[in-house]
Each structure stands twice: as C-alpha cells, then as structure tokens.
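Below: one structure, written as structure tokens.
When a ligand or atom number is given, it counts from 1 through the structure's own listing order. Predicted model only: the values in this text are computed from it and were never measured.
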Amino acid sequence: MSGVFISFEGPDGAGKTTALNAVLPELQKRAKKEIVATREPGGSPIAEKIRDLILDVKNLEMDDRTEALLYAAQRRQHLIDIILPNLEADKIVISDRFVDSSIAYQGGGRQIGVDAVTSINDFAIEGTMPELTVYFDVPSEVGLDRIKSNRSGTEDRLEKEKIEFHQRVRDTYMKLQEQSPDRIQVINANQDTLQVAQDVLELIITKFPNLFN
Ligand code: TMP
C-alpha cells in the first residue's frame with residue numbers, strides 16, 4: 001500500500017480538531033500527494049450512524065463493553081469505506097482519532113483493560129496502524145474547562161464523565177506513548193492555538209520530508 005496513514009489523538013478539549021482544520025490547507029499546499037481528512041467515531045455513513053448511537057446522551061445505560069464493541073465496529077466500517085481505499089489510491093489519510101482512542105477511553109477510562117480492548121480492535125483493524133500518531137497532550141482540567149466554555153452546556157455522553165475518568169484516559173495515552181515513542185509524537189496542546197498548529201505542521205513535515213515541498 002503506497003499511501004500514508006496519520007492519526008490525531010488526545011483527551012477531550014485538547015484542540016486536535018481545531019489544529020487539524022488549521023494545518024490542512026498549508027499541508028495540502030505543500031504535499032506531493034492528495035490529503036484526505038476523516039474522523040472517528042464516524043467518517044463514513046454507517047460509521048456516523050454508530051457515532052450518533054454511542055454519543056447520544058439518552059443512552060446512559062449503555063454497557064461499557066457494548067460501547068467498546070460499537071467503537072470497534074465503527075472503526076472497521078470506517079477502515080473499509082475510507083481509510084484503506086484512500087491508502088490504496090496513494091493518498092495521505094489523516095484521521096481525527098483511531099485505535100489509540102479506544103485503548104485510552106475504553107481500556108483506561110472505562111477500566112475494561114488495555115489487553116481486552118486491544119484484542120477486539122485487532123479483529124477490527126487487521127494490522128492497519130498509523131505511521132505517525134500526533135498526540136495532543138493537555139491536563140484533564142484544562143481540557144474539560146475548554147469544553148465547558150466553548151460549547152456552553154452541550155457536552156456529549158463521554159464528555160459528561162467526571163475528571164477521574166479523563167485522568168485515566170490521559171494516563172493511558174501517556175503509557176501508549178512510552179511504549180511506541182517513534183509512532184506516537186507528543187504536541188504540547190496547553191498553548192495558544194496558533195502555536196499548536198505551527199508545532200503540528202513542523203512535526204508532520206519533519207517526519208515525512210519526502211512527502212512535502
Ligand atoms: P471527538 O470529541 O474527538 O469527536 O470524539 C468523541 C468522543 O468519543 C470523545 O469523548 C472520545 C470518544 N472516543 C472513545 O471513547 N473511543 C474511541 O475509540 C473513539 C474513536 C472516540
């Protein structure tokens with residue numbers, strides 16, 4: 001497969017989606033291949049339907065393992081519909097979240113365990129992993145404050161979780177980063193958005209010098 005797969009990861013309120021939107025035009029201008037930006041949960045019609053189901057605030061009684069399986073299910077569909085076809089077409093695919101989110105949120109946050117969540121995701125992704133994961137690190141309190149001030153009371157079901165949940169998510173991300181320091185590169189997301197975007201741009205271009213002018 002000739003394309004390049006990149007994921008963006010981080011706790012809620014880390015600003016990864018804002019940074020992605022900010023860097024995309026410049027990246028595309030300089031890239032020698034076409035860039036496709038996508039996201040999880042969602043990214044394709046069936047996967048977006050599963051996203052709505054998972055994040056619906058009415059589904060408060062959803063079992064933790066059901067949630068983990070639904071995330072893995074939407075990932076499988078997203079992989080088949082969007083990620084693999086675009087990698088086969090030699091494009092750069094940037095996904096706002098991928099499998100590390102499940103390991104951090106369901107494995108760590110929900111305390112299902114890293115091994116159990118990794119194994120259901122192995123079934124879903126069959127070995128497809130990003131070459132680079134840009135991890136946006138921010139203290140949990142800062143992330144949650146950002147969500148509250150930006151969205152004025154419209155948090156989704158996962159954002160409503162208490163601070164301890166979000167701290168476990170961040171701790172798990174950091175353990176994953178220690179285990180895969182080449183793939184998972186850290187961005188200090190506790191800075192102003194312009195600086196974060198600049199750091200992301202530099203990181204991606206430095207990692208793939210042959211892909212960009
Ligand atoms: P978003 O805010 O980046 O759109 O993500 C929606 C929520 O879904 C966010 O709270 C993180 C969560 N999530 C998981 O818990 N597990 C996953 O596998 C993914 C992709 C997202």
Is the contact between [X] and ligand 1 made by the side chain, the backbone, both, or neither, using heavy atoms and a 4.0 Å cut-off?
X   : value
R39 : neither
R75 : side chain
H78 : neither

Give a yes/no on ligand 1: does K16 have at least one heavy atom closer than 4.0 angstrom to it?
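Yes.
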
Report the distance from atom [atom1] of [X] to atom [atom2] of [Y], rounding to the nearest 0.5 Å.
X    : Y    : atom1 : atom2 : value
K33  : N210 : NZ    : CG    : 10.0 Å
L144 : E161 : CG    : CD    : 10.5 Å
D182 : Q177 : CG    : CD    : 9.5 Å
I187 : D137 : CD1   : CG    : 10.5 Å

Any N or O of [X] closer than 3.5 Å to N or O of ligand 1:
X   : value
Y71 : yes
D96 : no
D12 : yes
E67 : no
R97 : yes

Taking 4.0 angstrom as the limit and counting only heavy atoms of R51, give me the atoms of ligand 1 inside it, by number and element.
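By the 4.0 Å cutoff, the relevant atoms are 4 (O).
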
At less than 4.0 angstrom from any non-hydrogen atom of Q106, what atoms of ligand 1 do you find?
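Those qualifying, in numeric order: 14 (C), 15 (O), 16 (N), 17 (C), 18 (O).
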
Are a donor atom and an acceptor atom from the side chains of [X] and [Y] found within less than 3.5 Å of each other?
X    : Y    : answer
D199 : Q191 : yes
D171 : Q167 : no
Y71  : R97  : no

Run the salt bridge (Lys or Arg N to Asp or Glu O under 4.0 Å) check on E26 and K29 step by step: do they pass?
CA-CA 5 Å; E26 182 63 17; K29 210 160 55 182; 3.3 Å; yes

